Number of protein chains: 2
Amino acid sequence: MTTLLPDARADTRARIEQAALELFARTGFEQVTTDEIADAAGISRRTFFRYFATKADAVWGDFASHVERLEQLLGAARPDQPVLASICAAYVEVNDYSAADLPMLRQRMALILGEPALQAHSQVRYADVDRVVAEYVARRSGERPDALLPRLVATTTRAAATTAFEVWLAGGTTSLGDDLHAAFDQLAAGFPTLRTA
Amino acid sequence: MTTLLPDARADTRARIEQAALELFARTGFEQVTTDEIADAAGISRRTFFRYFATKADAVWGDFASHVERLEQLLGAARPDQPVLASICAAYVEVNDYSAADLPMLRQRMALILGEPALQAHSQVRYADVDRVVAEYVARRSGERPDALLPRLVATTTRAAATTAFEVWLAGGTTSLGDDLHAAFDQLAAGFPTLRTA
DNA sequence: GACGTTAGTGACACCCAGTGCCACCGGCAA
DNA sequence: TTGCCGGTGGCACTGGGTGTCACTAACGTC
(Lines give C-alpha, C1' and ligand atoms only; values in the text may rest on other atoms or scores of the structure.)
Protein backbone atom coordinates (compact mmCIF):
# COMPACT_ATOMS: atom_id res chain seq x y z
CA MET A 1 0.00 0.00 0.00
CA THR A 2 2.79 2.41 0.88
CA THR A 3 4.87 3.37 -2.13
CA LEU A 4 7.74 5.33 -0.72
CA LEU A 5 8.39 7.63 -3.62
CA PRO A 6 9.41 10.98 -2.19
CA ASP A 7 6.07 12.61 -3.06
CA ALA A 8 3.81 9.80 -1.91
CA ARG A 9 2.64 11.97 0.94
CA ALA A 10 1.96 14.88 -1.37
CA ASP A 11 -0.10 12.63 -3.61
CA THR A 12 -2.16 11.31 -0.74
CA ARG A 13 -2.65 14.81 0.54
CA ALA A 14 -3.85 15.99 -2.83
CA ARG A 15 -6.23 13.04 -3.09
CA ILE A 16 -7.74 13.79 0.31
CA GLU A 17 -8.06 17.48 -0.53
CA GLN A 18 -9.80 16.74 -3.81
CA ALA A 19 -12.21 14.28 -2.24
CA ALA A 20 -13.03 16.69 0.56
CA LEU A 21 -13.55 19.65 -1.76
CA GLU A 22 -15.89 17.69 -3.98
CA LEU A 23 -17.97 16.45 -1.05
CA PHE A 24 -18.12 19.91 0.51
CA ALA A 25 -19.21 21.52 -2.74
CA ARG A 26 -21.90 18.93 -3.30
CA THR A 27 -23.36 18.52 0.18
CA GLY A 28 -22.12 21.47 2.21
CA PHE A 29 -19.26 21.68 4.66
CA GLU A 30 -21.14 20.86 7.85
CA GLN A 31 -23.03 17.95 6.34
CA VAL A 32 -19.90 16.03 5.39
CA THR A 33 -18.26 14.02 8.17
CA THR A 34 -14.56 13.28 8.32
CA ASP A 35 -15.49 9.60 8.06
CA GLU A 36 -17.02 10.23 4.65
CA ILE A 37 -13.98 12.18 3.46
CA ALA A 38 -11.69 9.39 4.63
CA ASP A 39 -13.80 6.78 2.87
CA ALA A 40 -13.86 8.79 -0.35
CA ALA A 41 -10.08 9.24 -0.22
CA GLY A 42 -9.47 5.58 0.62
CA ILE A 43 -7.82 6.20 3.97
CA SER A 44 -8.82 5.95 7.60
CA ARG A 45 -10.28 8.80 9.60
CA ARG A 46 -7.20 8.79 11.80
CA THR A 47 -4.98 9.31 8.79
CA PHE A 48 -7.06 12.24 7.58
CA PHE A 49 -6.11 14.10 10.73
CA ARG A 50 -2.45 13.32 10.10
CA TYR A 51 -2.65 15.30 6.86
CA PHE A 52 -4.99 18.06 8.00
CA ALA A 53 -5.20 19.34 11.55
CA THR A 54 -8.88 20.18 11.20
CA LYS A 55 -11.66 19.48 8.74
CA ALA A 56 -11.52 23.12 7.67
CA ASP A 57 -7.85 22.90 6.76
CA ALA A 58 -8.68 20.56 3.89
CA VAL A 59 -10.29 23.53 2.12
CA TRP A 60 -7.31 25.84 2.49
CA GLY A 61 -4.73 23.86 0.53
CA ASP A 62 -1.16 25.01 1.12
CA PHE A 63 -2.11 28.43 2.43
CA ALA A 64 1.13 28.70 4.41
CA SER A 65 3.11 28.79 1.18
CA HIS A 66 0.86 31.57 -0.09
CA VAL A 67 1.71 33.60 2.99
CA GLU A 68 5.40 32.88 2.44
CA ARG A 69 5.12 34.05 -1.13
CA LEU A 70 3.36 37.22 -0.01
CA GLU A 71 6.20 37.81 2.41
CA GLN A 72 8.82 37.36 -0.29
CA LEU A 73 7.00 39.69 -2.67
CA LEU A 74 6.78 42.38 -0.02
CA GLY A 75 10.44 41.88 0.82
CA ALA A 76 11.35 42.44 -2.83
CA ALA A 77 8.99 45.37 -3.38
CA ARG A 78 10.46 48.53 -4.88
CA PRO A 79 11.13 51.06 -2.10
CA ASP A 80 10.12 54.00 -4.27
CA GLN A 81 6.64 52.58 -4.73
CA PRO A 82 3.94 53.77 -2.32
CA VAL A 83 3.39 51.31 0.52
CA LEU A 84 -0.21 50.58 -0.36
CA ALA A 85 0.66 50.06 -4.00
CA SER A 86 3.25 47.47 -3.04
CA ILE A 87 0.77 45.65 -0.84
CA CYS A 88 -1.85 45.72 -3.58
CA ALA A 89 0.63 44.41 -6.13
CA ALA A 90 1.66 41.62 -3.78
CA TYR A 91 -1.96 40.62 -3.20
CA VAL A 92 -2.66 40.63 -6.93
CA GLU A 93 0.45 38.62 -7.66
CA VAL A 94 -0.28 35.99 -5.03
CA ASN A 95 -3.81 35.57 -6.33
CA ASP A 96 -2.86 35.46 -10.00
CA TYR A 97 -4.15 32.03 -10.93
CA SER A 98 -4.07 30.52 -14.37
CA ALA A 99 -7.37 30.16 -16.21
CA ALA A 100 -7.22 26.42 -15.61
CA ASP A 101 -7.05 26.88 -11.85
CA LEU A 102 -9.84 29.44 -11.65
CA PRO A 103 -12.74 26.97 -11.24
CA MET A 104 -10.94 25.33 -8.33
CA LEU A 105 -10.29 28.76 -6.79
CA ARG A 106 -13.92 29.76 -7.17
CA GLN A 107 -15.02 26.55 -5.49
CA ARG A 108 -12.58 27.04 -2.62
CA MET A 109 -13.45 30.69 -2.07
CA ALA A 110 -17.19 30.07 -2.35
CA LEU A 111 -16.83 27.62 0.52
CA ILE A 112 -14.54 29.83 2.61
CA LEU A 113 -16.66 32.95 2.17
CA GLY A 114 -20.03 31.21 2.26
CA GLU A 115 -19.91 28.55 4.94
CA PRO A 116 -20.09 30.08 8.43
CA ALA A 117 -17.81 27.45 9.94
CA LEU A 118 -15.13 28.20 7.36
CA GLN A 119 -15.67 31.93 7.66
CA ALA A 120 -14.87 31.56 11.34
CA HIS A 121 -11.80 29.45 10.70
CA SER A 122 -10.51 31.98 8.17
CA GLN A 123 -9.84 34.53 10.88
CA VAL A 124 -7.04 32.36 12.23
CA ARG A 125 -5.47 32.08 8.80
CA TYR A 126 -5.75 35.79 8.11
CA ALA A 127 -3.82 36.51 11.30
CA ASP A 128 -0.68 35.21 9.58
CA VAL A 129 -1.29 37.44 6.57
CA ASP A 130 -1.83 40.45 8.80
CA ARG A 131 1.40 39.80 10.69
CA VAL A 132 3.39 39.68 7.46
CA VAL A 133 1.84 42.88 6.09
CA ALA A 134 2.19 44.69 9.40
CA GLU A 135 5.89 43.86 9.51
CA TYR A 136 6.32 45.24 6.01
CA VAL A 137 4.52 48.47 6.87
CA ALA A 138 6.59 48.74 10.02
CA ARG A 139 9.80 48.49 7.99
CA ARG A 140 8.61 51.10 5.53
CA SER A 141 7.25 53.54 8.11
CA GLY A 142 9.81 53.09 10.84
CA GLU A 143 7.15 52.23 13.38
CA ARG A 144 6.92 49.10 15.48
CA PRO A 145 4.89 46.21 13.95
CA ASP A 146 2.44 46.33 16.86
CA ALA A 147 1.81 50.07 16.57
CA LEU A 148 -1.52 51.38 15.31
CA LEU A 149 -0.53 52.28 11.75
CA PRO A 150 1.10 48.98 10.68
CA ARG A 151 -1.69 46.94 12.20
CA LEU A 152 -4.32 49.22 10.76
CA VAL A 153 -2.91 49.02 7.25
CA ALA A 154 -2.61 45.23 7.54
CA THR A 155 -6.18 44.62 8.71
CA THR A 156 -7.82 47.13 6.38
CA THR A 157 -5.93 46.01 3.28
CA ARG A 158 -6.79 42.42 4.08
CA ALA A 159 -10.43 43.40 4.56
CA ALA A 160 -10.27 45.15 1.19
CA ALA A 161 -8.78 42.09 -0.46
CA THR A 162 -11.42 39.82 1.05
CA THR A 163 -14.20 42.13 -0.06
CA ALA A 164 -12.78 42.24 -3.56
CA PHE A 165 -12.82 38.45 -3.54
CA GLU A 166 -16.47 38.41 -2.50
CA VAL A 167 -17.49 40.85 -5.19
CA TRP A 168 -15.51 38.95 -7.79
CA LEU A 169 -17.13 35.72 -6.71
CA ALA A 170 -20.65 37.13 -6.74
CA GLY A 171 -20.28 39.07 -9.96
CA GLY A 172 -18.32 36.65 -12.04
CA THR A 173 -17.85 39.01 -14.97
CA THR A 174 -14.87 41.04 -13.78
CA SER A 175 -11.35 39.78 -13.26
CA LEU A 176 -10.11 39.26 -9.74
CA GLY A 177 -7.12 41.53 -10.32
CA ASP A 178 -9.38 44.37 -11.42
CA ASP A 179 -11.57 44.01 -8.34
CA LEU A 180 -8.51 44.01 -6.10
CA HIS A 181 -7.18 47.15 -7.75
CA ALA A 182 -10.55 48.87 -7.48
CA ALA A 183 -10.77 48.10 -3.79
CA PHE A 184 -7.22 49.23 -3.06
CA ASP A 185 -7.70 52.44 -5.05
CA GLN A 186 -10.73 53.33 -2.97
CA LEU A 187 -8.89 52.52 0.24
CA ALA A 188 -5.72 54.38 -0.65
CA ALA A 189 -7.63 57.52 -1.56
CA GLY A 190 -9.85 57.49 1.53
CA PHE A 191 -13.00 56.54 -0.41
CA PRO A 192 -13.22 59.64 -2.63
CA THR A 193 -16.54 58.46 -4.03
CA LEU A 194 -18.08 58.98 -0.64
CA ARG A 195 -16.99 62.57 -0.33
CA THR A 196 -19.06 63.69 -3.29
CA ALA A 197 -22.09 61.78 -2.04
CA MET B 1 -36.18 26.39 42.24
CA THR B 2 -37.87 28.28 39.43
CA THR B 3 -39.11 31.70 40.49
CA LEU B 4 -41.16 32.94 37.60
CA LEU B 5 -40.58 36.63 37.94
CA PRO B 6 -40.51 38.06 34.44
CA ASP B 7 -36.73 38.49 34.53
CA ALA B 8 -35.85 35.14 36.05
CA ARG B 9 -34.39 34.07 32.74
CA ALA B 10 -32.35 37.23 32.48
CA ASP B 11 -30.98 36.63 35.97
CA THR B 12 -30.00 33.08 35.21
CA ARG B 13 -28.42 34.18 31.96
CA ALA B 14 -26.39 36.83 33.74
CA ARG B 15 -25.29 34.33 36.36
CA ILE B 16 -24.10 31.88 33.71
CA GLU B 17 -22.33 34.63 31.83
CA GLN B 18 -20.54 35.85 34.94
CA ALA B 19 -19.47 32.35 35.96
CA ALA B 20 -18.22 31.61 32.45
CA LEU B 21 -16.30 34.86 32.14
CA GLU B 22 -14.58 34.35 35.46
CA LEU B 23 -13.57 30.80 34.63
CA PHE B 24 -12.36 31.79 31.16
CA ALA B 25 -10.28 34.66 32.52
CA ARG B 26 -8.72 32.47 35.17
CA THR B 27 -8.03 29.26 33.26
CA GLY B 28 -8.34 30.14 29.59
CA PHE B 29 -11.24 29.57 27.21
CA GLU B 30 -10.28 26.17 25.89
CA GLN B 31 -9.40 24.75 29.28
CA VAL B 32 -12.86 25.35 30.72
CA THR B 33 -15.50 22.74 29.88
CA THR B 34 -19.19 23.51 29.63
CA ASP B 35 -19.68 21.08 32.50
CA GLU B 36 -17.57 23.29 34.74
CA ILE B 37 -19.45 26.42 33.69
CA ALA B 38 -22.75 24.70 34.39
CA ASP B 39 -21.55 23.56 37.81
CA ALA B 40 -20.28 27.03 38.70
CA ALA B 41 -23.58 28.57 37.62
CA GLY B 42 -25.63 25.95 39.46
CA ILE B 43 -27.38 24.58 36.39
CA SER B 44 -27.07 21.52 34.17
CA ARG B 45 -24.96 21.38 31.05
CA ARG B 46 -28.08 21.00 28.95
CA THR B 47 -29.51 24.18 30.39
CA PHE B 48 -26.33 26.09 29.57
CA PHE B 49 -26.96 25.41 25.90
CA ARG B 50 -30.52 26.67 26.27
CA TYR B 51 -29.14 30.09 27.20
CA PHE B 52 -26.13 30.17 24.88
CA ALA B 53 -26.00 28.39 21.55
CA THR B 54 -22.24 27.84 21.87
CA LYS B 55 -19.61 28.12 24.56
CA ALA B 56 -18.22 31.16 22.76
CA ASP B 57 -21.55 33.00 22.93
CA ALA B 58 -21.24 33.26 26.69
CA VAL B 59 -18.41 35.75 26.18
CA TRP B 60 -20.32 38.03 23.85
CA GLY B 61 -23.13 39.09 26.15
CA ASP B 62 -26.04 40.72 24.35
CA PHE B 63 -24.10 41.58 21.23
CA ALA B 64 -27.25 41.61 19.13
CA SER B 65 -28.52 44.63 21.02
CA HIS B 66 -25.22 46.40 20.36
CA VAL B 67 -25.72 45.83 16.66
CA GLU B 68 -29.26 47.14 16.94
CA ARG B 69 -28.01 50.25 18.69
CA LEU B 70 -25.40 50.77 16.01
CA GLU B 71 -28.14 50.51 13.42
CA GLN B 72 -30.28 53.09 15.23
CA LEU B 73 -27.36 55.49 15.58
CA LEU B 74 -26.58 55.24 11.90
CA GLY B 75 -30.23 55.73 11.07
CA ALA B 76 -30.27 58.93 13.08
CA ALA B 77 -26.93 60.25 11.82
CA ARG B 78 -26.85 63.77 10.43
CA PRO B 79 -26.96 63.65 6.64
CA ASP B 80 -24.58 66.61 6.27
CA GLN B 81 -21.86 64.74 8.13
CA PRO B 82 -19.33 62.78 6.07
CA VAL B 83 -20.22 59.10 5.87
CA LEU B 84 -17.05 57.90 7.57
CA ALA B 85 -17.48 60.45 10.35
CA SER B 86 -20.97 59.15 11.04
CA ILE B 87 -19.73 55.57 11.17
CA CYS B 88 -16.88 56.54 13.46
CA ALA B 89 -19.23 58.44 15.77
CA ALA B 90 -21.58 55.46 15.89
CA TYR B 91 -18.75 53.07 16.76
CA VAL B 92 -17.51 55.42 19.48
CA GLU B 93 -21.00 55.86 20.89
CA VAL B 94 -21.75 52.14 20.98
CA ASN B 95 -18.46 51.48 22.76
CA ASP B 96 -18.80 54.31 25.24
CA TYR B 97 -18.77 52.37 28.48
CA SER B 98 -18.87 53.89 31.94
CA ALA B 99 -15.71 53.69 34.01
CA ALA B 100 -17.35 51.03 36.16
CA ASP B 101 -17.94 48.77 33.17
CA LEU B 102 -14.45 49.17 31.72
CA PRO B 103 -12.80 46.30 33.61
CA MET B 104 -15.52 43.94 32.41
CA LEU B 105 -15.06 45.21 28.84
CA ARG B 106 -11.30 44.73 29.01
CA GLN B 107 -11.77 41.19 30.23
CA ARG B 108 -14.26 40.40 27.48
CA MET B 109 -12.18 41.94 24.72
CA ALA B 110 -8.95 40.37 25.97
CA LEU B 111 -10.65 37.00 25.58
CA ILE B 112 -12.23 37.74 22.21
CA LEU B 113 -9.06 39.19 20.70
CA GLY B 114 -6.63 36.85 22.42
CA GLU B 115 -8.14 33.37 22.35
CA PRO B 116 -7.92 31.82 18.88
CA ALA B 117 -11.22 29.97 19.25
CA LEU B 118 -13.01 33.23 20.09
CA GLN B 119 -11.18 35.13 17.39
CA ALA B 120 -12.58 32.63 14.94
CA HIS B 121 -16.10 32.89 16.31
CA SER B 122 -15.95 36.69 16.14
CA GLN B 123 -16.02 36.65 12.36
CA VAL B 124 -19.58 35.38 12.43
CA ARG B 125 -20.62 38.17 14.77
CA TYR B 126 -18.89 40.85 12.75
CA ALA B 127 -20.88 39.80 9.70
CA ASP B 128 -23.97 41.36 11.30
CA VAL B 129 -22.11 44.60 11.97
CA ASP B 130 -20.84 44.71 8.41
CA ARG B 131 -24.32 44.21 7.02
CA VAL B 132 -25.69 47.13 9.05
CA VAL B 133 -22.86 49.47 8.05
CA ALA B 134 -23.01 48.41 4.40
CA GLU B 135 -26.72 49.22 4.31
CA TYR B 136 -26.04 52.65 5.74
CA VAL B 137 -23.33 53.37 3.18
CA ALA B 138 -25.63 52.11 0.45
CA ARG B 139 -28.32 54.58 1.54
CA ARG B 140 -25.85 57.45 1.64
CA SER B 141 -24.11 56.65 -1.62
CA GLY B 142 -27.06 55.43 -3.65
CA GLU B 143 -25.37 52.14 -4.42
CA ARG B 144 -26.67 48.67 -3.67
CA PRO B 145 -25.64 47.20 -0.29
CA ASP B 146 -23.84 44.34 -1.99
CA ALA B 147 -21.81 46.59 -4.28
CA LEU B 148 -18.09 47.04 -3.77
CA LEU B 149 -18.08 50.42 -2.06
CA PRO B 150 -20.63 49.75 0.70
CA ARG B 151 -19.09 46.40 1.52
CA LEU B 152 -15.61 47.81 1.37
CA VAL B 153 -16.40 50.64 3.75
CA ALA B 154 -18.14 48.24 6.11
CA THR B 155 -15.31 45.72 6.31
CA THR B 156 -12.49 48.26 6.46
CA THR B 157 -14.13 50.43 9.11
CA ARG B 158 -14.79 47.35 11.17
CA ALA B 159 -11.20 46.25 10.74
CA ALA B 160 -10.16 49.72 11.86
CA ALA B 161 -12.40 49.55 14.92
CA THR B 162 -11.10 46.12 15.87
CA THR B 163 -7.50 47.26 15.48
CA ALA B 164 -8.20 50.30 17.64
CA PHE B 165 -9.59 47.93 20.25
CA GLU B 166 -6.44 45.83 20.15
CA VAL B 167 -4.16 48.82 20.51
CA TRP B 168 -6.28 50.20 23.33
CA LEU B 169 -6.19 46.85 25.07
CA ALA B 170 -2.44 46.42 24.69
CA GLY B 171 -1.51 49.99 25.55
CA GLY B 172 -3.88 50.68 28.36
CA THR B 173 -2.98 54.34 28.70
CA THR B 174 -5.13 55.88 25.98
CA SER B 175 -8.91 56.06 25.91
CA LEU B 176 -10.77 53.76 23.60
CA GLY B 177 -12.58 56.67 21.96
CA ASP B 178 -9.26 58.35 21.12
CA ASP B 179 -7.89 55.17 19.57
CA LEU B 180 -11.04 54.74 17.50
CA HIS B 181 -10.81 58.32 16.25
CA ALA B 182 -7.13 57.93 15.43
CA ALA B 183 -7.80 54.80 13.41
CA PHE B 184 -10.73 56.31 11.52
CA ASP B 185 -8.77 59.49 10.79
CA GLN B 186 -6.00 57.46 9.18
CA LEU B 187 -8.50 55.43 7.21
CA ALA B 188 -10.56 58.38 6.03
CA ALA B 189 -7.47 60.22 4.80
CA GLY B 190 -5.96 57.24 3.01
CA PHE B 191 -3.13 56.82 5.54
CA PRO B 192 -1.41 60.17 4.96
CA THR B 193 1.40 59.16 7.32
CA LEU B 194 2.47 56.54 4.81
CA ARG B 195 2.77 58.95 1.93
CA THR B 196 5.55 60.92 3.56
CA ALA B 197 7.38 57.73 4.48
C1' DG C 1 -59.60 22.51 45.21
C1' DA C 2 -58.97 19.62 40.84
C1' DC C 3 -57.84 20.57 36.13
C1' DG C 4 -54.95 21.23 31.85
C1' DT C 5 -51.46 24.36 30.14
C1' DT C 6 -47.04 26.18 29.74
C1' DA C 7 -42.10 27.36 30.54
C1' DG C 8 -38.03 25.92 32.47
C1' DT C 9 -35.32 22.24 33.79
C1' DG C 10 -32.42 17.77 34.36
C1' DA C 11 -31.16 13.33 32.74
C1' DC C 12 -29.92 10.50 29.14
C1' DA C 13 -28.50 9.02 24.68
C1' DC C 14 -26.47 10.32 20.68
C1' DC C 15 -23.40 12.54 16.83
C1' DC C 16 -19.15 14.28 15.47
C1' DA C 17 -14.44 16.64 15.62
C1' DG C 18 -10.16 15.92 17.38
C1' DT C 19 -6.34 13.35 20.26
C1' DG C 20 -3.41 9.77 22.42
C1' DC C 21 -1.90 5.30 22.24
C1' DC C 22 -0.57 1.05 20.49
C1' DA C 23 0.03 -2.52 17.17
C1' DC C 24 1.15 -3.51 12.45
C1' DC C 25 3.65 -3.47 8.15
C1' DG C 26 6.71 -2.22 4.46
C1' DG C 27 11.24 -0.55 3.29
C1' DC C 28 15.98 -0.09 4.47
C1' DA C 29 20.55 -0.34 6.58
C1' DA C 30 23.91 -2.92 9.35
C1' DT D 1 18.32 -11.97 9.88
C1' DT D 2 17.86 -8.26 12.85
C1' DG D 3 16.57 -3.86 14.20
C1' DC D 4 15.06 0.66 13.11
C1' DC D 5 11.62 3.93 11.19
C1' DG D 6 7.80 6.28 8.83
C1' DG D 7 3.15 5.73 7.57
C1' DT D 8 -0.98 3.61 8.75
C1' DG D 9 -5.35 1.65 11.03
C1' DG D 10 -7.93 0.59 15.10
C1' DC D 11 -9.62 1.94 19.34
C1' DA D 12 -10.79 4.34 23.24
C1' DC D 13 -11.52 8.78 25.09
C1' DT D 14 -12.63 13.87 25.67
C1' DG D 15 -15.59 17.61 24.79
C1' DG D 16 -19.00 20.57 22.19
C1' DG D 17 -23.55 20.42 20.72
C1' DT D 18 -28.46 18.28 19.88
C1' DG D 19 -32.86 15.66 20.37
C1' DT D 20 -36.00 13.65 23.41
C1' DC D 21 -38.54 12.66 27.39
C1' DA D 22 -40.13 13.14 31.97
C1' DC D 23 -40.63 16.18 35.89
C1' DT D 24 -42.01 20.29 38.32
C1' DA D 25 -43.68 24.79 39.51
C1' DA D 26 -46.46 28.57 38.34
C1' DC D 27 -50.83 30.08 36.28
C1' DG D 28 -55.67 30.33 34.65
C1' DT D 29 -60.16 28.14 34.52
C1' DC D 30 -64.18 25.75 36.05
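As the structure is a computational prediction, the values presented were derived from the model and not from experiment. Reminder, nothing fancy here: chain letters follow the sequence lines and each chain counts from 1.
Rounded to a whole Å, the CG atom of A/D39 is 10 Å from the P atom of D/dG10. Separating the CZ atom of B/F48 from the P atom of C/dT9 is a distance of 13 Å, rounded to the nearest angstrom. Going from atom CD1 of B/I43 over to atom P of D/dT24 covers 20 Å, rounded to whole Å. Put simply, CZ on B/F24 is 14 Å from P on D/dG15, counting in whole angstrom units. A straight line from CG of B/D57 to P of D/dT18 spans 10 Å, rounded to a whole angstrom.
For B/E22, the salt bridge (Lys or Arg N to Asp or Glu O under 4.0 Å) partners two or more places apart in sequence, or in a different chain, are B/R26. Qualifying salt bridge (Lys or Arg N to Asp or Glu O under 4.0 Å) partners for B/D39, counting only residues two or more places apart in sequence or in other chains: none. Annotation: salt bridge (Lys or Arg N to Asp or Glu O under 4.0 Å) contacts of A/D130 (sequence neighbours excluded): A/R158. Legend: residues meeting salt bridge (Lys or Arg N to Asp or Glu O under 4.0 Å) with B/R15, ordered by chain and number and at least two apart, are absent. Remark: B/A40 pairs with B/A19, B/L23 by the side chain to side chain contact (heavy atoms under 4.5 Å, CB included) rule, at least two apart or across chains. For B/F49, the side chain to side chain contact (heavy atoms under 4.5 Å, CB included) partners two or more places apart in sequence, or in a different chain, are B/T34, B/R45, B/R46. B/R131 meets the side chain to side chain contact (heavy atoms under 4.5 Å, CB included) test with B/D128, B/E135; sequence neighbours excluded. By the side chain to side chain contact (heavy atoms under 4.5 Å, CB included) test, A/A170 is found to be paired with no residue, residues two or more places apart in sequence or in another chain being considered.
Comparing the end axes of the helix from C/dG1-D/dC30 to C/dA30-D/dT1, each fitted to five base pairs by superposing C1' atoms of four pairs onto the next four, gives an inter-axis angle of 10° (nearest 10 degrees).
Map A/R50 and B/S44 each onto its nearest nucleotide of DNA chain C; the residue landing nearer the 5' end is B/S44. Closest-nucleotide positions on DNA chain C for B/T47 and A/R46 were compared, and the one nearer the 5' end corresponds to B/T47.
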All N/O pairs under 3.5 Å across the protein-nucleotides 15-17 of chain C interface:
{"from": "C/dA17", "atom 1": "OP1", "to": "A/V32", "atom 2": "O", "distance (Å)": "3.4"}
{"from": "C/dA17", "atom 1": "OP1", "to": "A/K55", "atom 2": "NZ", "distance (Å)": "3.2"}
{"from": "C/dA17", "atom 1": "OP2", "to": "A/T34", "atom 2": "N", "distance (Å)": "3.1"}
{"from": "C/dA17", "atom 1": "OP2", "to": "A/T34", "atom 2": "OG1", "distance (Å)": "3.0"}

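Partner of A/V94 under the side chain to side chain contact (heavy atoms under 4.5 Å, CB included) criterion, out of A/V67, A/L73, A/V129: A/L73 alone.
Ring-plane geometry between B/F184 and B/Y91 is classed as tilted, the angle between the planes lying from 30 to 60 degrees on a 0 to 90 degree scale.
The phosphate of D/dG7 (OP1 or OP2) has no side-chain N or O of A/Y51 nearer than 4.0 angstrom.
Identified under the salt bridge (Lys or Arg N to Asp or Glu O under 4.0 Å) test for residues 48-60 of chain B, with sequence neighbours left out: B/D57-B/R125.
Residues of residues 111-125 of chain A that place a heavy atom closer than 4.0 Å to DNA chain C do not occur.
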